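Throughout, protein chains are lettered first and strands after them, A, B, ... in sequence-line order, and every chain is numbered starting at 1. As the structure is a computational prediction, the values presented were derived from the model and not from experiment.
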Number of protein chains: 2
Amino acid sequence: MKNTIKVERAKIDITQAGLAEQLGVSRQTINAIEKGKFVPSTVLALKMARFFECKVEDIFLLEEMD
Amino acid sequence: MKNTIKVERAKIDITQAGLAEQLGVSRQTINAIEKGKFVPSTVLALKMARFFECKVEDIFLLEEMD
DNA sequence: AACAAATGTAAAGTATTATTTACATTTTGA
DNA sequence: TCAAAATGTAAATAATACTTTACATTTGTT
């Protein structure tokens with residue numbers, strides 16, 4: 001599972017901490033997701049998509065292994 | 001969190017067991033998600049959207065409480 | 001260089017997601 | 001009506017998501 005969070009963040013120039021605050025999670029959670037440590041819950045994925053004004057599919061990309 | 005899985009299933013006339021098989025999860029998992037017992041992982045949500053040929057946002061709807 | 005902000009990482013613990021097994025109830029069709 | 005298929009439910013367990021705390025490294029600015 002790949003994700004484009006770092007790029008989406010760059011587009012609107014927001015830090016991991018800033019995004020975390022907006023989404024109501026810890027900074028480490030954002031960092032871990034961004035680094036591919038784990039995939040967020042569907043609720044958080046939906047909140048991210050809403051925040052970035054795009055689709056969940058635009059941010060989280062299924063791969064063979066998933 | 002609401003979901004429209006039952007409706008999507010009805011559209012293409014597939015059973016919970018059939019859907020479970022297609023998605024590679026147990027029938028109980030589909031049933032539990034459909035009944036709102038829990039929200040599936042993002043991976044499973046993405047697979048569902050892909051299977052139903054729609055967006056994750058079309059199936060899973062954020063509510064106030066989420 | 002020096003400082004601050006941002007990012008990376010780790011470990012321990014809690015909460016949630018998903019599985020298996022098993023059985024009850026409801027719906028459907030012959 | 002009777003049987004089979006489909007759905008509902010529950011308990012125990014495993015796997016994963018997320019938090020907190022804490023510290024290290026990198027990056028940007030003066």
**Item:** Closest non-hydrogen atom pair, Gln22(A) against Ile14(A)
**Value:** CG-CD1, 4.2 Å
**Whole angstrom value for the distance that separates P of dG8(C) from CD1 of Ile30(A)** = 12 Å
**Prompt:** How long is the line joining CG of Leu19(B) and C1' of dA6(D), in whole Å?
**Reply:** 14 Å
**Complete:** Of dG8(D), dC18(D), dT9(C), the nucleotide closest to the side chain of Lys35(A) is dT9(C)
**Message:** Within a 6.0 Å radius of atom CD on Glu63(A), are there more than 12 heavy atoms belonging to other residues, nucleotides or ligands?
**Reply:** yes
**Asked** Between Ser41(A) and dT17(C), does any side-chain N or O lie under 4.0 Å from OP1 or OP2?
**Response** no
**Residue mapping more 5' on DNA chain D - nearest nucleotide basis, Val43(B) or Ile14(B)** = Ile14(B)
**Message:** With a cut-off of less than 4.0 Å, is there a side-chain N or O of Gln16(A) near OP1 or OP2 of dG8(C)?
**Reply:** yes
**Message:** Of the listed nucleotides (dA18(C), dT9(D), dT7(D)), which one gets closest to any side-chain atom of Leu44(B)?
**Reply:** dA18(C)
**Item:** Length of the CD-P vector between Glu34(B) and dT9(D), whole Å
**Value:** 11 Å
**Quiz item: Gln28(B) side-chain donor-acceptor pair to dT21(C) base, under 3.5 Å** = yes
**Test item: Arg27(B) side-chain N/O and Gln16(B) main-chain N/O as donor-acceptor pair under 3.5 Å** = no
**Complete:** Ile33(A) CD1 to dT9(C) P, in whole Å, measures 15 Å
**Request:** Would you indicate what Ser26(A) reaches in the nucleic acid, counting non-hydrogen atoms under 4.0 angstrom: base, sugar-phosphate, or nothing?
**Result:** base
**Request:** For Ile5(B) and Glu34(B), work out which heavy atoms get closest and say how close.
**Result:** CG2-OE1, 3.6 Å
**Request:** Between Arg27(B) and Val39(B), just flag the one whose closest nucleotide in DNA chain C comes earlier from the 5' side.
**Result:** Val39(B)
**Request:** Round to a whole Å and report the spacing from CG of Asp13(B) to C1' of dT27(C).
**Result:** 14 Å
**Item:** Side chain Thr42(B), main chain Val39(A), donor-acceptor under 3.5 Å
**Value:** no
**Asked** Could you state the CE-P distance from Met1(A) to dT16(D), rounded to the nearest angstrom?
**Response** 14 Å
**Request:** Whole angstrom is fine here: how far is it from CZ in Phe38(A) over to C1' in dA15(C)?
**Result:** 13 Å
**Prompt:** Can you find a side chain N or O atom of Asn31(B) that sits less than 4.0 Å from OP1 or OP2 on dG8(D)?
**Reply:** yes
**Message:** Rounding to an integer number of Å, can you tell me how far Phe60(A) CZ sits from dT16(D) P?
**Reply:** 17 Å
